[in-house]
Protein chains: 2
Amino acid sequence: MARVNTKQLIVDAAVAVAAQHGISGASMDQIAETAGVAKGSLYYNFASKDALFAEVMRRGFERLSAAIDSAREGVPGEGAPRIVAAATLEALRNNIDLAKLMAAEVFRTDRAWAETMNEARSSVATRLRDALRDAHVAAGNSEQSAERITETAGAAFFGALAGACLDWLLFRPELSLEHVLDEVLTTW
Amino acid sequence: MARVNTKQLIVDAAVAVAAQHGISGASMDQIAETAGVAKGSLYYNFASKDALFAEVMRRGFERLSAAIDSAREGVPGEGAPRIVAAATLEALRNNIDLAKLMAAEVFRTDRAWAETMNEARSSVATRLRDALRDAHVAAGNSEQSAERITETAGAAFFGALAGACLDWLLFRPELSLEHVLDEVLTTW
DNA sequence: GTCTATAATTGGATAGAC
DNA sequence: GTCTATCCAATTATAGAC
(Lines give C-alpha, C1' and ligand atoms only; values in the text may rest on other atoms or scores of the structure.)
Protein backbone atom coordinates (compact mmCIF):
# COMPACT_ATOMS: atom_id res chain seq x y z
CA MET A 1 0.00 0.00 0.00
CA ALA A 2 1.21 3.49 -0.80
CA ARG A 3 2.30 5.89 1.89
CA VAL A 4 -0.34 8.39 0.83
CA ASN A 5 -3.55 7.47 -0.91
CA THR A 6 -2.41 7.65 -4.51
CA LYS A 7 -5.81 6.61 -5.84
CA GLN A 8 -7.47 9.59 -4.14
CA LEU A 9 -4.69 11.89 -5.35
CA ILE A 10 -5.35 10.77 -8.91
CA VAL A 11 -9.13 11.03 -8.60
CA ASP A 12 -8.84 14.60 -7.28
CA ALA A 13 -6.51 15.56 -10.10
CA ALA A 14 -8.85 13.97 -12.65
CA VAL A 15 -11.73 16.08 -11.33
CA ALA A 16 -9.68 19.27 -11.52
CA VAL A 17 -8.46 18.69 -15.06
CA ALA A 18 -11.77 17.43 -16.44
CA ALA A 19 -13.68 20.34 -14.91
CA GLN A 20 -11.72 22.62 -17.21
CA HIS A 21 -11.63 20.64 -20.42
CA GLY A 22 -14.29 17.97 -20.12
CA ILE A 23 -13.53 14.29 -19.80
CA SER A 24 -12.57 13.77 -23.43
CA GLY A 25 -10.37 16.85 -23.29
CA ALA A 26 -8.61 15.77 -20.12
CA SER A 27 -5.38 13.99 -20.97
CA MET A 28 -3.83 11.32 -18.79
CA ASP A 29 -0.57 13.27 -19.08
CA GLN A 30 -2.06 16.38 -17.55
CA ILE A 31 -3.84 14.39 -14.84
CA ALA A 32 -0.56 12.72 -13.88
CA GLU A 33 1.23 16.06 -13.78
CA THR A 34 -1.54 17.65 -11.67
CA ALA A 35 -1.52 14.71 -9.28
CA GLY A 36 2.25 14.85 -9.04
CA VAL A 37 2.73 11.24 -10.07
CA ALA A 38 4.05 9.54 -13.19
CA LYS A 39 1.66 8.42 -15.88
CA GLY A 40 2.61 4.82 -15.28
CA SER A 41 1.11 5.12 -11.79
CA LEU A 42 -2.23 6.09 -13.28
CA TYR A 43 -2.33 2.84 -15.20
CA TYR A 44 -1.16 0.85 -12.20
CA ASN A 45 -4.06 2.20 -10.12
CA PHE A 46 -6.74 2.28 -12.83
CA ALA A 47 -7.18 -0.05 -15.77
CA SER A 48 -7.92 2.75 -18.23
CA LYS A 49 -9.06 6.34 -18.57
CA ASP A 50 -12.65 5.07 -18.68
CA ALA A 51 -12.18 3.14 -15.44
CA LEU A 52 -10.68 6.21 -13.78
CA PHE A 53 -13.61 8.43 -14.68
CA ALA A 54 -16.17 5.79 -13.79
CA GLU A 55 -14.68 5.92 -10.30
CA VAL A 56 -14.60 9.73 -10.34
CA MET A 57 -18.30 9.97 -11.18
CA ARG A 58 -19.29 7.20 -8.80
CA ARG A 59 -17.57 8.93 -5.89
CA GLY A 60 -19.05 12.29 -6.88
CA PHE A 61 -22.66 11.15 -6.87
CA GLU A 62 -22.08 9.06 -3.76
CA ARG A 63 -20.88 12.14 -1.94
CA LEU A 64 -23.95 14.05 -3.06
CA SER A 65 -26.33 11.31 -1.97
CA ALA A 66 -24.62 11.08 1.41
CA ALA A 67 -24.87 14.84 1.92
CA ILE A 68 -28.60 14.76 1.15
CA ASP A 69 -29.24 11.77 3.45
CA SER A 70 -27.32 13.37 6.26
CA ALA A 71 -29.23 16.64 5.90
CA ARG A 72 -32.63 14.95 5.92
CA GLU A 73 -32.18 13.07 9.18
CA GLY A 74 -34.95 14.03 11.58
CA VAL A 75 -36.25 16.87 9.45
CA PRO A 76 -40.06 17.12 9.22
CA GLY A 77 -41.78 16.96 5.81
CA GLU A 78 -42.55 20.61 5.33
CA GLY A 79 -38.93 21.63 5.71
CA ALA A 80 -37.54 18.83 3.53
CA PRO A 81 -37.18 20.61 0.17
CA ARG A 82 -35.30 23.56 1.61
CA ILE A 83 -32.99 21.43 3.71
CA VAL A 84 -32.08 19.03 0.90
CA ALA A 85 -31.69 21.96 -1.50
CA ALA A 86 -29.33 23.64 0.94
CA ALA A 87 -27.35 20.42 1.37
CA THR A 88 -27.10 20.01 -2.40
CA LEU A 89 -25.94 23.59 -2.97
CA GLU A 90 -23.46 23.24 -0.12
CA ALA A 91 -22.05 20.00 -1.53
CA LEU A 92 -21.74 21.48 -5.01
CA ARG A 93 -20.09 24.63 -3.67
CA ASN A 94 -17.58 22.59 -1.70
CA ASN A 95 -16.37 21.07 -4.93
CA ILE A 96 -17.24 23.32 -7.82
CA ASP A 97 -15.00 21.37 -10.18
CA LEU A 98 -16.99 18.25 -9.45
CA ALA A 99 -20.22 20.20 -9.93
CA LYS A 100 -19.14 21.37 -13.39
CA LEU A 101 -18.08 17.87 -14.29
CA MET A 102 -21.33 16.26 -13.17
CA ALA A 103 -23.41 18.88 -14.96
CA ALA A 104 -21.46 18.33 -18.16
CA GLU A 105 -21.45 14.55 -18.15
CA VAL A 106 -24.63 13.47 -16.39
CA PHE A 107 -26.64 13.00 -19.58
CA ARG A 108 -23.93 11.41 -21.70
CA THR A 109 -25.27 8.00 -22.59
CA ASP A 110 -22.44 6.71 -24.75
CA ARG A 111 -19.78 6.14 -22.10
CA ALA A 112 -18.66 2.67 -21.11
CA TRP A 113 -19.81 3.46 -17.57
CA ALA A 114 -23.05 5.24 -18.51
CA GLU A 115 -25.08 2.65 -16.64
CA THR A 116 -23.19 3.16 -13.39
CA MET A 117 -23.55 6.92 -13.67
CA ASN A 118 -27.20 6.67 -14.52
CA GLU A 119 -27.93 4.69 -11.38
CA ALA A 120 -26.13 7.29 -9.30
CA ARG A 121 -28.01 10.10 -11.05
CA SER A 122 -31.27 8.32 -10.48
CA SER A 123 -30.61 7.80 -6.79
CA VAL A 124 -30.05 11.54 -6.32
CA ALA A 125 -33.20 12.37 -8.27
CA THR A 126 -35.16 9.89 -6.15
CA ARG A 127 -33.99 11.49 -2.92
CA LEU A 128 -35.02 14.92 -4.15
CA ARG A 129 -38.38 13.55 -5.31
CA ASP A 130 -39.00 12.09 -1.86
CA ALA A 131 -38.31 15.44 -0.24
CA LEU A 132 -40.87 17.06 -2.56
CA ARG A 133 -43.41 14.32 -1.82
CA ASP A 134 -43.00 14.63 1.95
CA ALA A 135 -43.55 18.37 1.79
CA HIS A 136 -46.61 17.82 -0.41
CA VAL A 137 -48.14 15.48 2.16
CA ALA A 138 -47.14 17.72 5.08
CA ALA A 139 -48.99 20.55 3.33
CA GLY A 140 -52.20 18.54 3.71
CA ASN A 141 -52.38 16.63 0.44
CA SER A 142 -53.07 12.92 0.20
CA GLU A 143 -50.43 10.24 -0.25
CA GLN A 144 -52.08 9.36 -3.52
CA SER A 145 -51.70 12.89 -4.79
CA ALA A 146 -48.04 12.86 -3.75
CA GLU A 147 -47.38 9.83 -5.92
CA ARG A 148 -47.99 11.96 -8.96
CA ILE A 149 -44.66 13.58 -8.11
CA THR A 150 -42.19 11.28 -9.88
CA GLU A 151 -38.50 11.06 -10.52
CA THR A 152 -38.95 13.51 -13.39
CA ALA A 153 -39.81 16.20 -10.83
CA GLY A 154 -36.72 15.13 -8.91
CA ALA A 155 -34.64 15.57 -12.04
CA ALA A 156 -36.18 19.02 -12.54
CA PHE A 157 -35.38 19.93 -8.94
CA PHE A 158 -31.81 18.77 -9.38
CA GLY A 159 -31.52 20.70 -12.64
CA ALA A 160 -32.83 23.85 -10.97
CA LEU A 161 -30.28 23.51 -8.17
CA ALA A 162 -27.41 22.78 -10.53
CA GLY A 163 -28.38 25.65 -12.85
CA ALA A 164 -28.73 28.16 -10.05
CA CYS A 165 -25.59 26.91 -8.32
CA LEU A 166 -23.34 27.23 -11.36
CA ASP A 167 -24.83 30.61 -12.28
CA TRP A 168 -24.05 31.65 -8.73
CA LEU A 169 -20.55 30.25 -8.35
CA LEU A 170 -19.29 31.09 -11.83
CA PHE A 171 -20.92 34.44 -12.47
CA ARG A 172 -22.27 35.88 -9.19
CA PRO A 173 -20.00 34.56 -6.43
CA GLU A 174 -20.87 37.52 -4.19
CA LEU A 175 -24.34 36.14 -3.46
CA SER A 176 -24.98 34.17 -0.27
CA LEU A 177 -26.14 30.57 -0.22
CA GLU A 178 -29.34 31.62 1.50
CA HIS A 179 -30.09 34.15 -1.22
CA VAL A 180 -29.61 31.58 -3.97
CA LEU A 181 -31.78 29.15 -2.05
CA ASP A 182 -34.54 31.77 -1.83
CA GLU A 183 -34.42 32.42 -5.55
CA VAL A 184 -34.75 28.74 -6.34
CA LEU A 185 -37.48 28.01 -3.79
CA THR A 186 -39.72 31.08 -3.83
CA THR A 187 -40.42 30.63 -7.49
CA TRP A 188 -40.80 26.88 -7.04
CA MET B 1 -21.97 29.21 -53.55
CA ALA B 2 -22.59 25.53 -53.04
CA ARG B 3 -25.55 23.77 -54.58
CA VAL B 4 -26.73 22.68 -51.15
CA ASN B 5 -25.96 24.55 -47.96
CA THR B 6 -22.72 22.83 -46.99
CA LYS B 7 -22.28 25.03 -43.91
CA GLN B 8 -25.62 23.86 -42.50
CA LEU B 9 -24.80 20.25 -43.39
CA ILE B 10 -21.58 20.54 -41.40
CA VAL B 11 -23.22 22.29 -38.45
CA ASP B 12 -25.88 19.58 -38.23
CA ALA B 13 -23.26 16.84 -38.36
CA ALA B 14 -21.21 18.61 -35.68
CA VAL B 15 -24.24 18.68 -33.39
CA ALA B 16 -24.93 14.99 -33.94
CA VAL B 17 -21.36 13.88 -33.30
CA ALA B 18 -20.75 16.19 -30.32
CA ALA B 19 -24.03 15.11 -28.68
CA GLN B 20 -22.58 11.62 -28.44
CA HIS B 21 -18.99 12.32 -27.51
CA GLY B 22 -18.87 15.92 -26.29
CA ILE B 23 -17.12 18.68 -28.18
CA SER B 24 -13.59 17.63 -27.23
CA GLY B 25 -14.43 14.05 -28.16
CA ALA B 26 -15.90 14.97 -31.51
CA SER B 27 -13.28 14.59 -34.21
CA MET B 28 -13.27 16.61 -37.39
CA ASP B 29 -12.83 13.31 -39.24
CA GLN B 30 -16.07 11.92 -37.87
CA ILE B 31 -17.93 15.18 -38.44
CA ALA B 32 -16.82 15.18 -42.08
CA GLU B 33 -17.89 11.57 -42.50
CA THR B 34 -21.29 12.21 -40.88
CA ALA B 35 -21.85 15.29 -43.03
CA GLY B 36 -20.85 13.34 -46.13
CA VAL B 37 -18.13 15.81 -47.12
CA ALA B 38 -14.34 15.70 -47.09
CA LYS B 39 -12.42 17.07 -44.15
CA GLY B 40 -10.91 19.75 -46.35
CA SER B 41 -14.39 21.19 -46.85
CA LEU B 42 -14.76 21.66 -43.11
CA TYR B 43 -11.71 23.86 -43.10
CA TYR B 44 -12.84 25.73 -46.19
CA ASN B 45 -16.13 26.62 -44.48
CA PHE B 46 -14.84 27.14 -40.93
CA ALA B 47 -11.49 28.49 -39.82
CA SER B 48 -11.06 25.87 -37.09
CA LYS B 49 -12.86 23.38 -34.88
CA ASP B 50 -13.37 26.16 -32.32
CA ALA B 51 -14.94 28.42 -34.94
CA LEU B 52 -17.24 25.61 -36.05
CA PHE B 53 -18.55 24.98 -32.54
CA ALA B 54 -18.85 28.67 -31.76
CA GLU B 55 -21.27 28.79 -34.70
CA VAL B 56 -23.03 25.61 -33.52
CA MET B 57 -23.67 27.00 -30.05
CA ARG B 58 -24.62 30.44 -31.32
CA ARG B 59 -27.26 28.97 -33.62
CA GLY B 60 -28.53 26.68 -30.86
CA PHE B 61 -29.17 29.38 -28.29
CA GLU B 62 -30.51 31.73 -30.95
CA ARG B 63 -33.09 29.13 -31.90
CA LEU B 64 -34.09 28.72 -28.26
CA SER B 65 -34.42 32.46 -27.68
CA ALA B 66 -36.51 32.81 -30.82
CA ALA B 67 -38.81 29.97 -29.74
CA ILE B 68 -39.37 31.63 -26.36
CA ASP B 69 -40.01 35.06 -27.86
CA SER B 70 -42.45 33.64 -30.36
CA ALA B 71 -44.36 31.76 -27.64
CA ARG B 72 -44.67 34.80 -25.39
CA GLU B 73 -46.29 37.09 -27.93
CA GLY B 74 -49.61 38.32 -26.60
CA VAL B 75 -49.66 35.96 -23.63
CA PRO B 76 -50.84 37.53 -20.33
CA GLY B 77 -48.55 37.48 -17.28
CA GLU B 78 -50.16 34.68 -15.35
CA GLY B 79 -49.77 32.22 -18.19
CA ALA B 80 -46.22 33.24 -19.04
CA PRO B 81 -44.20 30.59 -17.13
CA ARG B 82 -46.17 27.69 -18.52
CA ILE B 83 -46.09 28.95 -22.07
CA VAL B 84 -42.36 29.68 -22.11
CA ALA B 85 -41.67 26.38 -20.37
CA ALA B 86 -43.70 24.56 -23.03
CA ALA B 87 -41.86 26.40 -25.79
CA THR B 88 -38.50 25.53 -24.24
CA LEU B 89 -39.38 21.84 -23.86
CA GLU B 90 -40.71 21.77 -27.40
CA ALA B 91 -37.55 23.36 -28.80
CA LEU B 92 -35.32 20.96 -26.87
CA ARG B 93 -37.39 17.98 -27.95
CA ASN B 94 -37.18 19.01 -31.58
CA ASN B 95 -33.43 18.72 -31.40
CA ILE B 96 -32.44 16.45 -28.56
CA ASP B 97 -28.84 16.30 -29.75
CA LEU B 98 -28.60 20.04 -29.46
CA ALA B 99 -30.21 19.88 -26.02
CA LYS B 100 -27.61 17.40 -24.79
CA LEU B 101 -24.85 19.50 -26.25
CA MET B 102 -26.07 22.73 -24.69
CA ALA B 103 -26.55 21.08 -21.30
CA ALA B 104 -23.04 19.65 -21.40
CA GLU B 105 -21.23 22.78 -22.55
CA VAL B 106 -23.20 25.71 -21.16
CA PHE B 107 -21.04 26.10 -18.05
CA ARG B 108 -17.67 25.49 -19.65
CA THR B 109 -15.74 28.70 -19.16
CA ASP B 110 -12.45 27.79 -20.77
CA ARG B 111 -13.49 27.69 -24.41
CA ALA B 112 -12.27 30.25 -26.90
CA TRP B 113 -15.91 31.20 -27.52
CA ALA B 114 -17.02 31.07 -23.87
CA GLU B 115 -17.96 34.75 -23.93
CA THR B 116 -20.27 34.34 -26.91
CA MET B 117 -21.94 31.32 -25.36
CA ASN B 118 -22.30 33.06 -22.02
CA GLU B 119 -24.16 35.96 -23.62
CA ALA B 120 -26.51 33.53 -25.31
CA ARG B 121 -27.03 31.61 -22.07
CA SER B 122 -27.71 34.85 -20.23
CA SER B 123 -30.25 36.01 -22.79
CA VAL B 124 -32.24 32.79 -22.37
CA ALA B 125 -32.08 33.05 -18.56
CA THR B 126 -33.27 36.66 -18.76
CA ARG B 127 -36.26 35.72 -20.88
CA LEU B 128 -37.24 33.02 -18.40
CA ARG B 129 -36.73 35.42 -15.48
CA ASP B 130 -39.06 37.93 -17.15
CA ALA B 131 -41.75 35.31 -17.51
CA LEU B 132 -41.48 34.51 -13.79
CA ARG B 133 -41.61 38.22 -12.91
CA ASP B 134 -44.67 38.86 -15.06
CA ALA B 135 -46.52 35.99 -13.40
CA HIS B 136 -45.48 37.26 -9.98
CA VAL B 137 -46.97 40.69 -10.71
CA ALA B 138 -50.06 39.20 -12.32
CA ALA B 139 -50.60 37.24 -9.10
CA GLY B 140 -51.02 40.54 -7.28
CA ASN B 141 -47.50 41.27 -6.07
CA SER B 142 -45.74 44.59 -6.47
CA GLU B 143 -43.24 45.40 -9.21
CA GLN B 144 -40.69 45.97 -6.46
CA SER B 145 -41.23 42.49 -5.10
CA ALA B 146 -40.86 41.06 -8.60
CA GLU B 147 -37.44 42.63 -8.95
CA ARG B 148 -36.16 40.26 -6.31
CA ILE B 149 -36.54 37.57 -8.96
CA THR B 150 -33.18 37.78 -10.77
CA GLU B 151 -31.34 36.01 -13.54
CA THR B 152 -30.32 33.37 -11.01
CA ALA B 153 -33.97 32.30 -10.79
CA GLY B 154 -34.02 32.26 -14.59
CA ALA B 155 -30.99 29.98 -14.58
CA ALA B 156 -32.74 27.73 -12.05
CA PHE B 157 -35.86 27.63 -14.24
CA PHE B 158 -33.78 26.75 -17.28
CA GLY B 159 -31.95 24.08 -15.30
CA ALA B 160 -35.23 22.58 -14.16
CA LEU B 161 -36.53 22.46 -17.73
CA ALA B 162 -33.31 20.99 -19.10
CA GLY B 163 -33.11 18.42 -16.31
CA ALA B 164 -36.71 17.32 -16.68
CA CYS B 165 -36.50 17.35 -20.47
CA LEU B 166 -33.45 15.12 -20.70
CA ASP B 167 -34.80 12.77 -18.02
CA TRP B 168 -37.93 12.57 -20.13
CA LEU B 169 -36.42 12.17 -23.59
CA LEU B 170 -33.57 9.85 -22.62
CA PHE B 171 -35.21 7.66 -19.98
CA ARG B 172 -39.00 8.11 -20.11
CA PRO B 173 -39.88 8.91 -23.71
CA GLU B 174 -43.40 7.52 -23.26
CA LEU B 175 -44.48 10.56 -21.20
CA SER B 176 -46.33 13.43 -22.86
CA LEU B 177 -45.03 16.96 -23.00
CA GLU B 178 -47.99 18.13 -20.94
CA HIS B 179 -47.24 15.59 -18.23
CA VAL B 180 -43.59 16.69 -18.00
CA LEU B 181 -44.72 20.30 -17.90
CA ASP B 182 -47.05 19.51 -15.00
CA GLU B 183 -44.29 17.83 -13.04
CA VAL B 184 -41.98 20.81 -13.45
CA LEU B 185 -44.60 23.47 -12.72
CA THR B 186 -46.79 22.00 -9.98
CA THR B 187 -43.84 21.59 -7.70
CA TRP B 188 -42.49 24.98 -8.72
C1' DG C 1 4.20 0.81 -6.28
C1' DT C 2 6.27 4.12 -8.86
C1' DC C 3 9.23 5.55 -12.40
C1' DT C 4 11.15 6.41 -17.50
C1' DA C 5 10.89 5.41 -22.21
C1' DT C 6 8.46 4.19 -26.08
C1' DA C 7 5.01 2.01 -29.05
C1' DA C 8 0.84 2.61 -31.80
C1' DT C 9 -2.89 5.42 -33.01
C1' DT C 10 -5.54 9.41 -33.68
C1' DG C 11 -6.11 14.32 -33.74
C1' DG C 12 -6.28 19.14 -35.89
C1' DA C 13 -4.75 21.44 -39.62
C1' DT C 14 -2.60 22.48 -44.42
C1' DA C 15 -1.18 21.99 -49.52
C1' DG C 16 -2.30 21.46 -53.83
C1' DA C 17 -5.03 18.99 -57.58
C1' DC C 18 -9.36 19.46 -59.94
C1' DG D 1 -15.92 24.91 -53.51
C1' DT D 2 -14.66 20.27 -52.79
C1' DC D 3 -11.46 16.51 -52.76
C1' DT D 4 -7.11 13.58 -51.67
C1' DA D 5 -2.85 13.20 -49.48
C1' DT D 6 0.08 14.36 -45.93
C1' DC D 7 2.37 16.71 -41.82
C1' DC D 8 3.17 17.07 -37.11
C1' DA D 9 1.72 17.14 -32.45
C1' DA D 10 -0.78 14.92 -28.90
C1' DT D 11 -2.96 10.87 -26.98
C1' DT D 12 -3.83 6.27 -24.76
C1' DA D 13 -1.58 2.53 -23.29
C1' DT D 14 2.38 -0.76 -22.43
C1' DA D 15 7.20 -2.58 -21.18
C1' DG D 16 10.53 -2.99 -18.18
C1' DA D 17 13.90 -0.85 -14.74
C1' DC D 18 14.19 0.10 -9.85
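Reckoned from all heavy atoms, side chains included, excluding hydrogens, waters and symmetry mates. So you know, we letter chains A, B, ... as the sequences are listed, proteins then strands, and number each from 1.
D/dT2 atom C1' lies 14 Å from atom NZ of B/K7, rounded to whole Å. Rounded to whole Å, the distance from NZ on A/K39 to P on C/dT6 is 13 Å. Spacing between atom CG of B/L42 and atom P of C/dG11 amounts to 14 Å, rounded to whole angstrom units. Protein atom CG of B/D50 is 14 Å distant from nucleotide atom C1' of C/dG11, rounded to whole Å. The interatomic distance linking B/Q30 (CD) with C/dG12 (P) rounds to 10 Å, in whole Å. Atom CE of B/M28 is separated from atom P of D/dT2 by 15 Å (rounded to the nearest Å). B/F46 has its CZ atom 15 Å from the C1' atom of D/dT2, to the nearest Å. In this structure, B/N45 atom CG and C/dA13 atom C1' are separated by 15 Å, rounded to whole Å.
A salt bridge between B/E62 and B/R59 is absent, with no side-chain N of the basic residue lying under 4.0 Å from a carboxylate O of the acidic one. Using a cutoff of 4.0 Å between basic side-chain nitrogens and carboxylate oxygens, A/R121 and A/E105 are not scored as salt-bridged. Residues B/R172 and B/D167 are paired through a salt bridge, judged by an N-O separation under 4.0 Å between the basic side chain and the carboxylate.
For B/K49 against C/dG11, a side-chain-to-base donor-acceptor contact under 3.5 Å is absent.
No path of Ile, Leu, Val, Met, Phe, Trp and Tyr side chains, each step under 4.5 Å between heavy atoms, connects B/M28 with B/Y44, placing them in separate hydrophobic clusters.
Among the protein residues, A/A32 comes within range of no part of the nucleic acid, since none of its heavy atoms lies under 4.0 Å from any strand. Residue A/A35 is out of contact with every strand shown, counting any heavy-atom pair closer than 4.0 Å. Using a 4.0 Å heavy-atom criterion, one finds that A/D29 contacts the bases of the nucleic acid, with or without backbone contacts as well.
Side-chain nitrogen and oxygen atoms of B/T6 include at least one within less than 4.0 Å of the OP1 or OP2 phosphate oxygen of D/dT2. For D/dA10, neither phosphate oxygen OP1 nor OP2 lies less than 4.0 angstrom from any side-chain nitrogen or oxygen of A/S27. Side-chain nitrogen and oxygen atoms of B/Y44 include at least one within less than 4.0 Å of the OP1 or OP2 phosphate oxygen of D/dG1. Between A/Y43 and the phosphate of D/dT14, there is no side-chain N or O to OP1/OP2 separation shorter than 4.0 Å. The phosphate of D/dC3 has OP1 or OP2 within less than 4.0 Å of a side-chain N or O from B/S41. OP1 and OP2 of D/dT12 both lie 4.0 Å or more from every side-chain N or O belonging to A/S48.
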Exercise for the section: Could you give me the CA-CA distance, side-chain angles and deciding distance for B/S145 and B/H136, then say whether side-chain hydrogen bond (donor to acceptor under 3.5 Å, both in side chains) is met? Expected result: CA-CA 8 Å; B/S145 153; B/H136 192 69; 2.7 Å; yes

